[in-house]
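What follows is a short report on a single structure.
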Amino acid sequence: MNIKHAMELLKSAGPILKHAIASGQILNPQCELTQPDPDILCEYGVTVPMSDGFSLTANLYRSQRAAAADEPMPVIMCAHPYDNRLTGHQGKTPLNGPPQQYRLIPQAGRPRFSNLTSWESPDPNFWVPSGYAVVNLNLPGYAGSEGPPGVFTETQAKCYYEAIEWAAAQPWSTGKVGLNGVSFLAITQYHVAACQYYGGPPPALKCISPWEGLTDMYRDAFCPGGVSEVGFPDFWWSSEVLPALSGTEADFLHVEGAKPKQFLTEHPLFDAFWAEKAAKVDQIDLPMLVCASFSDHGLHTVGSFRAFVHAKSNHKWVYTHRYGKWDVYYSPEVQQLTRDFMDCFLKDDTSSGFLDTPPVRLEVRSSRDVVHDVRYESEWPPAAAKRRKLYFDAGSPTLSESPITHTAEITYEGNGGEVVVQYRFETATEVVGVMILELHVEVRAAEGETDVPDDLTVFAVAEKLDVEGKPVRFYGSVGERNDVLSKGYLRASMRALDEARSTPHQPELRLDLVEKLSPNEVVPVTIPMFPHATFFEAGESLEIQISSKEIVSHPVYEKVSDDNAGIHVIHVGGPHPSHLSVPTLDASGSSSS
């Protein structure tokens with residue numbers, strides 16, 4: 001890493017770096033490295049030719065015994081920009097330890113994997129003894145691979161397609177390939193499974209297992225609800241993307257036109273630039289095992305559920321949890337589950353009974369470290385979930401199950417004011433799915449001012465309160481251990497719903513249209529909050545905070561709110577039935593685990 005890269009990383013990752021130093025994590029990474037099985041044959045820097053005349057680099061891991069016997073194996077594959085050379089086994093990581101992220105990013109526990117494993121990739125030490133070859137591919141323009149560097153481009157998907165077909169044609173391969181990996185390594189699976197250049201997936205690709213990956217870069221992470229995210233793009237660029245470039249920053253700018261942290265400046269609305277980066281999940285018909293965690297709010301959660309719901313696959317499963325992303329991915333339970341899935345579609349081995357597994361593995365938590373229930377459902381959200389409408393009333397701090405007949409107003413300052421309301425559960429209840437705020441809002445001039453703002457941004461937070469009224473915390477994104485229950489965002493001028501993409505349980509905004517507010521105009525807005533699965537004891541409460549500024553922020557996330565002004569008004573009652581829609585299940589019969 002050169003000085004420029006180091007300075008950019010220091011600026012964007014300051015809070016996380018400070019924690020890593022203070023906690024000692026920077027010298028004592030939060031993971032456990034294991035030594036590889038001596039049977040594993042490691043071939044580094046393998047050249048993968050592309051039809052456009054350049055080549056990519058890949059690491060290949062396979063069994064020495066199988067190689068000596070000319071025994072082909074099915075292939076587990078991943079593709080990313082994160083540099084597959086950065087493993088302890090290759091001596092390219094700090095102190096020959098794990099990838100640097102485990103020294104920087106807090107973990108829920110201590111994920112365990114071998115020193116053959118690069119960042120967020122499948123562990124060869126699990127897959128090779130399980131009877132697979134592993135191909136870890138560097139995408140074009142990164143880590144020694146030639147070609148144009150970008151993020152989630154059609155060129156990347158085209159190259160991934162060709163690399164999959166290359167792997168399938170090798171003598172050490174049975175010709176069947178499955179994809180696996182976390183985050184960027186999950187997102188690339190969606191893009192190649194619906195490859196636009198070739199009109200579909202590679203013939204050799206038989207199944208995918210995307211583990212926590214967004215499917216719409218604009219909606220899921222960079223501009224949820226039309227609200228600009230300025231923290232994560234900067235951190236991701238300086239810590240993950242920039243250091244891995246094969247060439248220079250100028251090569252990236254030639255492809256993308258800007259750094260990720262400037263994408264919204266150049267493309268403030270959802271346009272063709274963002275559309276290319278949105279996976280066409282409704283075109284995917286391959287078998288898929290998706291992880292959609294409730295602990296990656298603001299990054300991968302919504303997109304993961306979108307993929308599961310909208311994919312055309314006849315065989316699809318989703319695994320939910322609210323724990324650490326990397327802890328769960330490398331856990332023995334998930335490794336075995338993923339192997340059972342791959343065995344079905346790459347080895348035609350259904351002896352595990354995986355095909356009989358119901359589609360949805362649902363984990364319901366009571367708090368950060370208390371799992372109330374783990375069970376299987378036939379669909380997401382669960383069919384038994386019933387929507388409970390909780391209405392706002394200007395005269396009460398509590399939400400009511402009965403509509404308010406009188407009209408009234410709830411007001412708060414546009415430069416940082418907030419409204420707080422609660423709902424107390426009288427019986428044990430699960431809230432499972434997406435809570436939806438339906439508000440009728442207006443913006444007025446601040447006291448003593450005459451200019452009326454033409455827009456407002458709503459920041460919403462949901463908290464769980466115990467019977468004593470104390471906040472209950474949960475695991476969150478990027479190692480956060482004190483997260484709230486859920487969040488939601490909306491810029492009122494970008495309130496238009498995308499009717500074709502929306503479902504009753506997950507509204508989707510168009511985000512390609514700006515409709516400014518006029519003076520005295522009251523507009524209805526829909527704010528989906530991030531999905532979760534939470535158990536409430538009788539007497540515990542759900543608290544909703546609505547504000548004109550970000551209520552809770554965690555490194556590395558930061559939303560823009562400095563354009564809010566004036567007086568924000570929520571109209572309630574009568575023709576303006578502002579309410580919160582909550583998907584609930586009676587929990588009296590649910591089991592604990």
Practice prompt. Taking the side chain as every heavy atom from C-beta outward, state whether Arg368 and Asn482 have any atom pair closer than 4.5 Å.
Written response: yes

Worksheet entry | pair Pro233-Phe222: side-chain heavy atoms closer than 4.5 Å | yes

Worksheet item: Pick one: which of Asn180, Asp123, Thr338 meets side chain to side chain contact (heavy atoms under 4.5 Å, CB included) with Tyr329?
Response: Asn180

Fill in: Result of checking Lys559, Arg219, Lys487 against Glu229 for salt bridge (charged side-chain N to carboxylate O under 4.0 Å, His left out)
Lys559

Item to complete: Please confirm whether Phe184 and His80 have ring centers closer than 6.0 angstrom.
Response: no

Worksheet item: With ring centroids as reference points, do Phe474 and Tyr323 lie under 6.0 angstrom apart?
Response: no

Worksheet item: Are any side-chain N or O atoms of Ser541 and backbone N or O atoms of Glu543, one a donor and one an acceptor, separated by less than 3.5 Å?
Response: no

Worksheet item: Could you walk me through whether Ile187 and Gln189 pass the side chain to side chain contact (heavy atoms under 4.5 Å, CB included) check?
Response: CA-CA 5 Å; Ile187 304 164; Gln189 296 179 51; over 6 Å; no

Fill in: Check ion pair Arg388-Glu426 (N to O, under 4.0 angstrom)
no

Item to complete: Identify which one of Glu363, Arg361, Arg365, Glu212 satisfies the side-chain hydrogen bond (donor to acceptor under 3.5 Å, both in side chains) criterion when paired with His321.
Response: Glu212

Fill in: Under 3.5 Å side-chain donor-acceptor pair for His505 and Thr503
no

Worksheet item: Which pairs count as salt bridge (charged side-chain N to carboxylate O under 4.0 Å, His left out) when at least one residue sits in residues 108-122, sequence neighbours excluded?
Response: Glu32-Arg112

Discussion item. Whether the side chain of Gln506 engages the backbone of Ser502 through a donor-acceptor N/O pair (distance < 3.5 Å, no angle test) should be reported.
Written reply: no

Worksheet entry | Worked verdict on Phe392 versus Leu437 for side chain to side chain contact (heavy atoms under 4.5 Å, CB included) | CA-CA 10 Å; Phe392 287 78; Leu437 272 171; 3.8 Å; yes

Worksheet item: Which heavy atom of Glu508 sits nearest a heavy atom of Arg501, and at what distance?
Response: CG-O, 3.7 Å

Discussion item. Please give me the minimum heavy-atom distance between Met435 and Leu542, naming the atom from each residue.
Written reply: SD-CD2, 3.9 Å

Discussion item. Could you check whether Ser118 and Asn136, counting side-chain N and O atoms only, form a donor-acceptor pair closer than 3.5 Å?
Written reply: yes

Practice prompt. With Lys464 as the cation and Phe536 as the aromatic partner, state whether NZ or CZ is under 6.0 Å from the six-membered ring centre and within 45° of the axis.
Written response: yes

Discussion item. Which residues pass the side chain to side chain contact (heavy atoms under 4.5 Å, CB included) test with Lys280, not counting sequence neighbours?
Written reply: Ala194, Gln196, Asp282, Gln283

Item to complete: Using the ring-ring contact (aromatic ring centres under 6.0 Å, His included) rule, take His532 and Phe294 through it: C-alpha gap first, then chi angles, then the decisive distance, then the call.
Response: CA-CA 5 Å; His532 62 96; Phe294 303 120; 7.4 Å; no

Discussion item. Tell me whether the rings of Phe232 and Trp236 are parallel (<30°), tilted (30 to 60°) or perpendicular (>60°).
Written reply: parallel

Worksheet entry | Donor on one side chain, acceptor on other, Glu438 and Thr526, under 3.5 Å | yes

Worksheet item: Between Trp326 and Trp119, how do the two ring planes meet: parallel, tilted or perpendicular, split at 30° and 60°?
Response: tilted

Discussion item. Measuring only between side-chain heavy atoms, which start at C-beta, is Leu286 closer than 4.5 Å to Leu205?
Written reply: yes

Worksheet item: What closest approach, in Å, do Ala533 and Leu362 show between heavy atoms, and which atom pair accounts for it?
Response: CB-CD1, 3.9 Å

Discussion item. Ignoring hydrogens and geometry beyond distance, is a side-chain donor-acceptor pair present between Tyr319 and Glu333 at under 3.5 Å?
Written reply: yes

Worksheet item: Going by atom types only, do Ser295 and Arg322 share a side-chain donor-acceptor pair under 3.5 Å?
Response: no

Discussion item. Is a donor from one side chain sitting under 3.5 angstrom from an acceptor on the other, for His300 and Ser183?
Written reply: yes

Practice prompt. Please confirm whether the backbone N or O of Cys344 pairs with a side-chain atom of Asp349, one donor and one acceptor, at under 3.5 Å?
Written response: no

Worksheet item: Does the Asp296 side chain pair with the main chain of Leu299, one donor and one acceptor, at a distance under 3.5 Å?
Response: no

Worksheet item: Is a side-chain donor-acceptor pair under 3.5 Å present for Arg306 with Thr215?
Response: yes

Worksheet entry | Heavy-atom closest contact (Met342 atom, Cys207 atom, distance) | SD-SG, 3.5 Å

Item to complete: With Lys176 as the cation and Phe345 as the aromatic partner, state whether NZ or CZ is under 6.0 Å from the six-membered ring centre and within 45° of the axis.
Response: no

Worksheet item: Between Ser228 (side chain) and Val560 (backbone), is there a donor-acceptor pair under 3.5 Å?
Response: no

Discussion item. Between Tyr557 and Ser477, is there a side-chain donor-acceptor contact under 3.5 Å, judged purely by atom types and distance?
Written reply: yes

Worksheet item: Which of parallel (below 30°), tilted (30 to 60°) and perpendicular (above 60°) describes Phe354 and Trp317?
Response: tilted

Practice prompt. Answer yes or no: is there a donor N or O on one side and an acceptor on the other, between the side chain of Ser121 and the main chain of Thr117, under 3.5 Å?
Written response: no

Discussion item. Please give me the minimum heavy-atom distance between Leu116 and Thr87, naming the atom from each residue.
Written reply: O-CG2, 3.6 Å

Discussion item. Restricting to non-hydrogen atoms, name the atom on Gly109 and the atom on Asp327 that form the minimum distance, rounded to 0.1 Å.
Written reply: N-OD2, 2.9 Å

Fill in: Polar side-chain atom of Glu430 near backbone of Val432 as donor-acceptor pair, under 3.5 Å
no

Worksheet entry | Heavy-atom check, side chain of Val134 versus side chain of Val75, under 4.5 Å | no

Discussion item. Could you tell me if Glu401 and Tyr423 have a donor-acceptor pair between their side chains, going purely by distance under 3.5 Å?
Written reply: yes

Worksheet item: Which is it for Thr457 and Lys549 under the side chain to side chain contact (heavy atoms under 4.5 Å, CB included) test, yes or no, and what are the steps along the way?
Response: CA-CA 8 Å; Thr457 298; Lys549 67 176 181 179; over 6 Å; no

Worksheet entry | Val192 side chain reached by Ile164 side chain, heavy atoms, under 4.5 Å | yes

Worksheet item: Taking the inter-plane angle between the rings of Phe270 and Tyr218 on a 0 to 90° scale, is it parallel (under 30°), tilted (30 to 60°) or perpendicular (over 60°)?
Response: perpendicular

Response to the item:
side-chain hydrogen bond (donor to acceptor under 3.5 Å, both in side chains) pairs touching residues 467-476, sequence neighbours excluded, are Asp369-Tyr475, Glu463-Arg473, Glu468-Lys470

Worksheet item: Tell me, do Cys31 and Tyr330 make a side-chain contact under 4.5 Å, heavy atoms counted?
Response: no

Practice prompt. Tell me yes or no: between the side chains of Arg103 and Asn28, is some donor less than 3.5 Å from an acceptor?
Written response: no

Discussion item. I'd like to know if the side chain of Lys316 and the backbone of Ala311 have a donor-acceptor N/O pair within less than 3.5 Å.
Written reply: yes

Worksheet item: Less than 4.5 Å apart, any side-chain heavy atom of Leu86 and any of Pro99?
Response: no

Discussion item. Set out, in order, the CA-CA distance, both residues' side-chain angles and the distance that settles side chain to side chain contact (heavy atoms under 4.5 Å, CB included) for Phe459 and Glu550, then state yes or no.
Written reply: CA-CA 6 Å; Phe459 295 86; Glu550 190 165 19; 4.1 Å; yes

Item to complete: For Gln107 and Ile105, indicate whether the former's side chain and the latter's backbone hold a donor-acceptor pair under 3.5 Å.
Response: yes

Worksheet item: Do Val458 and Ile527 come within less than 4.5 Å of each other through their side chains, counting heavy atoms only?
Response: yes

Worksheet item: Looking at the rings of Phe305 and Trp380, which for Trp means the six-membered one, are their centres under 6.0 Å apart?
Response: yes

Worksheet entry | Donor-acceptor contact present, side-chain Thr429 to main-chain Thr427, <3.5 Å | yes

